[in-house]
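Taking it in order: structure first as structure tokens, then the write-up.
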Amino acid sequence: MAVRLTQLGHEVIGVDSSMSKVEMFKNDITHTICANCTDIHTAKEIPVKDADVVIVSIGEHEGNSIMVTANMKQLNAKRIISRAVSQTQETVLRAMGIEEIVHPEQDSAEKLAKNLTSEGFIDSFELSSEYSIVKAEVPERYEGKRLGETDIRSKHNINVLTIISKTKKRNFLGIKQSTMEVKEMAKADTLLEKGEILVIFGHVKDIEKFLE
């Protein structure tokens, strides 16, 4: 993941408690640091607040993963994506308020790297090498407009299939979490609002241009 993001032109800080791993990837990642971030005092030495996103990808030790995630929250990371290797771990992470959780058995590093690279890009389902169904945030230029008033279809050759709204609901611990609800099937009079998600279909190149 860190290597791929570096290849895509991002400034990446790779952190691991193993010096051998740090040495192994020091030429492939922008910056590498040997540190044990389960310790809050050590974690404070990492520029967490300056990072656009923190990815906790520890897989071998679930307890360490949860501790590092908790420390990142305590250090007010802007955005946290955590890896879960079991249902129990995911339950704990969600109880902590972590909304972005990836599963190594289901989500590839390449797919996550794409998600972090395109502004507004949330998720995708590839129908073929050329066509995809993509979930993306409503671009600012379309906020407050009816779908029929936009140039999404005429200019970008993209079909809007449906709209998903973000709502807040309390989990079993009473903590508010974001949930997704399908608003309606897209029609000409569908209102596009800030924070909503478009589910669009089209050629990969057309989608990339639309999200630029």
Side-chain angles (χ1 to χ4, degrees), residues 1-124 126 135 137 166 168 170-180:
M1 167 57 61
V3 173
R4 183 58 180 143
L5 285 170
T6 301
Q7 291 172 346
L8 290 169
H10 298 280
E11 184 175 4
V12 180
I13 301 175
V15 183
D16 199 285
S17 60
S18 169
M19 180 56 77
S20 61
K21 288 185 179 179
V22 170
E23 287 293 322
M24 184 186 304
F25 292 105
K26 68 179 182 180
N27 295 322
D28 299 313
I29 301 172
T30 316
H31 310 284
T32 53
I33 299 174
C34 184
N36 183 357
C37 288
T38 60
D39 178 68
I40 186 63
H41 300 292
T42 300
K44 285 179 178 179
E45 300 300 317
I46 310 296
V48 174
K49 288 185 179 180
D50 297 328
D52 294 320
V53 58
V54 173
I55 303 173
V56 182
S57 58
I58 300 171
E60 300 83 6
H61 305 286
E62 295 182 32
N64 287 352
S65 174
I66 291 168
M67 288 174 65
V68 171
T69 302
N71 286 340
M72 294 302 104
K73 281 189 69 69
Q74 186 174 337
L75 294 174
N76 298 314
K78 298 174 186 175
R79 178 183 177 191
I80 301 174
I81 300 175
S82 290
R83 177 186 183 184
V85 295
S86 71
Q87 187 61 50
T88 300
Q89 184 181 6
E90 179 174 350
T91 299
V92 173
L93 290 171
R94 293 201 181 280
M96 292 167 59
I98 303 301
E99 297 176 358
E100 295 185 81
I101 300 173
V102 295
H103 307 82
E105 298 81 8
Q106 304 168 15
D107 304 312
S108 69
E110 176 71 18
K111 180 178 179 181
L112 182 55
K114 287 181 179 179
N115 288 4
L116 294 169
T117 299
S118 298
E119 184 176 354
F121 192 108
I122 296 174
D123 199 3
S124 69
E126 295 183 1
K135 290 194 292 186
E137 293 179 355
K166 296 180 182 179
K168 289 282 187 179
R170 294 187 182 277
N171 63 14
F172 66 97
L173 293 175
I175 299 173
K176 282 189 175 182
Q177 292 183 329
S178 293
T179 60
M180 304 292 187

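Side-chain atoms are counted along with the backbone in the values below, which use heavy atoms only and exclude waters and symmetry mates. Sequence positions, counted from 1, serve as the residue numbers for this chain.
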Report task. Go through the steps for His10 and Thr30 under the test side chain to side chain contact (heavy atoms under 4.5 Å, CB included), then give the verdict. Result -> CA-CA 8 Å; His10 298 280; Thr30 316; over 6 Å; no
Query raised in the report: Under the side chain to side chain contact (heavy atoms under 4.5 Å, CB included) criterion, do Gln74 and Ile40 qualify, and how do the steps go?
Result: CA-CA 9 Å; Gln74 186 174 337; Ile40 186 63; 4.0 Å; yes
**Report entry** side chain to side chain contact (heavy atoms under 4.5 Å, CB included) evaluation trace for Lys73 with Ile80
**Finding:** CA-CA 8 Å; Lys73 281 189 69 69; Ile80 301 174; 3.5 Å; yes
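Of all heavy-atom pairs spanning Ala2 and Thr6, the tightest one is O-OG1, 2.8 Å. Closest heavy-atom contact between Val15 and Cys37: CG1-SG, 3.9 Å. When all heavy atoms are compared, the tightest approach of Gln89 to Ser65 is NE2-OG, 3.1 Å. The shortest non-hydrogen separation linking Val3 to Phe25 is CG2-CD2, 3.9 Å.
Note that CE of Met67 is 9.5 Å distant from CD1 of Ile58, once rounded to the nearest 0.5 Å. Note that OG of Ser82 and CG of Leu93 are 5.0 Å apart. Values are rounded to the nearest 0.5 Å. Note that CZ of Arg79 and CD1 of Ile55 are 8.0 Å apart. Values are rounded to the nearest 0.5 Å. In this structure, CD1 in Ile29 is found 14.0 Å from CZ in Arg4, a value given to the nearest 0.5 Å. With values rounded to the nearest 0.5 angstrom, Lys21 atom NZ is found 5.0 Å from Asp16 atom CG. Atom OG1 of residue Thr69 and atom CD1 of residue Ile101 lie 9.0 Å apart, to the nearest 0.5 angstrom.
Contacts of Lys26 classified as salt bridge (Lys or Arg N to Asp or Glu O under 4.0 Å), with partners at least two apart in sequence or in another chain: Glu23. Annotation: side-chain hydrogen bond (donor to acceptor under 3.5 Å, both in side chains) contacts of His31 (sequence neighbours excluded): Glu11.
The backbone N or O of Asn36 lies less than 3.5 Å from no partner atom in the side chain of Ser17, so there is not a single donor-acceptor pair.
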Taking only distance into account, with no hydrogens and no angle test, what donor-acceptor pairs under 3.5 Å do side-chain atoms of residues 42-49 form with protein atoms, sequence neighbours excluded?
from  : atom 1 : to    : atom 2 : distance (Å)
Thr42 : OG1    : Asp39 : OD2    : 2.9

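Put simply, the side chain of Ile81 does not reach to within 4.5 Å of the side chain of Val54, judged on heavy atoms. Counting heavy atoms from C-beta outward, His61 and Thr38 have side chains that stay 4.5 Å or more apart.
Counting only N and O atoms by type, the side chains of Ser86 and Thr88 include no donor and acceptor under 3.5 Å apart.
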